[in-house]
Amino acid sequence: KLKAVVKSFQARLAEAWALPCSNALKETLRRLAVNGIPGARNTPWMCPCDLHSPPIACGRQHTFWDCHVALAVRCQLAAAVHPFDPPTQASVWLLYPSPHNVCSGVWMLVCLAALTAMEHGRKALWAQHHGMQPGAAPVPLPTATADRIANAVAARFWLLLSDFTHDHALPPTSW
């Protein structure tokens, strides 16, 4: 079963890489696939959103699904696709087809934008954390700061999609 999932993901990753969008938009997914995201498996690991300290193997889960910042993007996805049947983690991370008959090319682009926005949020949280606490013992970011970053990341998700539509006045013919 695992081999089938891996093969399916590899095929979808190849399809995603062939999308007519910036490679920068594809980079987060590629780095997730090869364990190349800082903090994904570090020991000890804590997220500045609330100094959440997940088990070692859960850094990726928190950063790209459970974190306050990732949740802001997930809420945008749910609102855009179907608020009462939001996309699953597998549909976003593994580029599984959307259960709502969204064109596969569009869905892949949406997933790439979501993951890229979440990665931007991770970086923004850490930059804010280090800016506030140079060399000091870690403390959680103020809720207002985490909320501001989450809102900016949700807006970034839409900006990434808007940039694609600006660069491609007409969608690819395969869509």
Side-chain angles (χ1 to χ4, degrees), residues 16 21-22 24-33 35-96 98-100 102 106-166:
C21 62
S22 163
L25 195 60
K26 304 167 190 174
E27 186 63 17
T28 300
L29 179 64
R30 187 193 68 76
R31 289 179 56 218
L32 275 170
N35 251 352
I37 298 289
R41 291 178 111 28
N42 291 351
T43 310
W45 181 84
M46 298 174 116
C47 181
C49 70
D50 63 0
L51 289 185
H52 174 79
S53 185
I56 295 166
C58 295
R60 178 181 303 139
Q61 170 72 30
H62 176 77
T63 301
F64 291 93
W65 201 253
D66 298 328
C67 182
H68 182 65
V69 169
L71 184 58
V73 175
R74 287 176 44 210
C75 287
Q76 296 301 308
L77 275 172
V81 176
H82 195 286
F84 302 111
D85 187 16
T88 65
Q89 187 174 356
S91 68
V92 176
W93 285 17
L94 301 176
L95 307 176
Y96 283 175
S98 168
H100 305 290
V102 176
V106 172
W107 181 246
M108 285 183 186
L109 181 68
V110 167
C111 293
L112 293 172
L115 293 171
T116 300
M118 290 174 190
E119 170 65 352
H120 178 77
R122 179 192 70 78
K123 290 177 181 178
L125 282 171
W126 280 104
Q128 185 70 38
H129 174 71
H130 288 303
M132 292 175 61
Q133 307 296 327
V139 296
L141 290 175
T143 302
T145 302
D147 286 346
R148 180 182 50 75
I149 292 170
N151 289 336
V153 167
R156 185 171 183 85
F157 165 70
W158 289 110
L159 180 65
L160 290 167
L161 293 175
S162 175
D163 284 351
F164 178 83
T165 60
H166 180 267

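This is a predicted model, so every value here is computed, not measured.
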Tabulate below the donor-acceptor pairs under 3.5 Å that side-chain atoms of residues 157-164 make, not counting sequence neighbours, or state none.
| unit_1 | atom_1 | unit_2 | atom_2 | d |
| --- | --- | --- | --- | --- |
| Trp158 | NE1 | Gln76 | OE1 | 2.6 |

Notebook entry, point to check: Do Pro86 and Val81 come within less than 4.5 Å of each other through their side chains, counting heavy atoms only?
Noted result: no
Notebook entry, point to check: How many angstroms lie between SG in Cys111 and CG in Leu94, if you round to the nearest 0.5 Å?
Noted result: 9.5 Å
Next item on the list: Would you check if Pro87 and Tyr96 make a side-chain contact, meaning some heavy-atom pair closer than 4.5 Å?
Entry: no
Margin query: With a 4.5 Å cut-off on side-chain heavy atoms, are Cys67 and Leu71 touching?
Written below: no
Margin query: I need the His120 NE2 to Thr28 OG1 distance, nearest 0.5 Å.
Written below: 11.0 Å
Next item on the list: Check whether any side-chain heavy atom of Thr63 lies under 4.5 Å from a side-chain heavy atom of Met118, and answer yes or no.
Entry: no
Check: Can any side-chain N or O of Trp93 pair as donor or acceptor with the backbone N or O of Leu29 at less than 3.5 Å?
Finding: no
Under 3.5 Å, which donor-acceptor pairs do the side chains of residues 147-156 form with other protein atoms, sequence neighbours left out?
| unit_1 | atom_1 | unit_2 | atom_2 | d |
| --- | --- | --- | --- | --- |
| Asp147 | OD1 | His68 | NE2 | 2.6 |
| Arg148 | NH2 | Gln128 | OE1 | 3.2 |
| Asn151 | ND2 | Asp147 | O | 3.4 |

Margin query: Let's go through Val110 and Leu77 carefully: what are the C-alpha distance in whole Å and the side-chain angles of both, what is the deciding distance for side chain to side chain contact (heavy atoms under 4.5 Å, CB included) to 0.1 Å, and is it a yes or a no?
Written below: CA-CA 8 Å; Val110 167; Leu77 275 172; 3.3 Å; yes
Notebook entry, point to check: With a 4.5 Å heavy-atom cut-off, do Arg30 and Lys26 have their side chains touching?
Noted result: no
Next item on the list: Report yes or no: does Thr116 contribute a side-chain atom to a donor-acceptor pair with the main-chain N or O of Leu112 at less than 3.5 Å?
Entry: yes
Margin query: Please report the interatomic distance CD(Gln89) to CZ(Phe64), rounded to the nearest 0.5 Å.
Written below: 11.5 Å
Notebook entry, point to check: Going from CG on Leu25 to CG on Leu115, what distance comes out if it is rounded to the nearest 0.5 angstrom?
Noted result: 9.5 Å
Item checked: Contact summary for Gly121 and Val69, nearest pair of heavy atoms -> CA-CG1, 3.5 Å
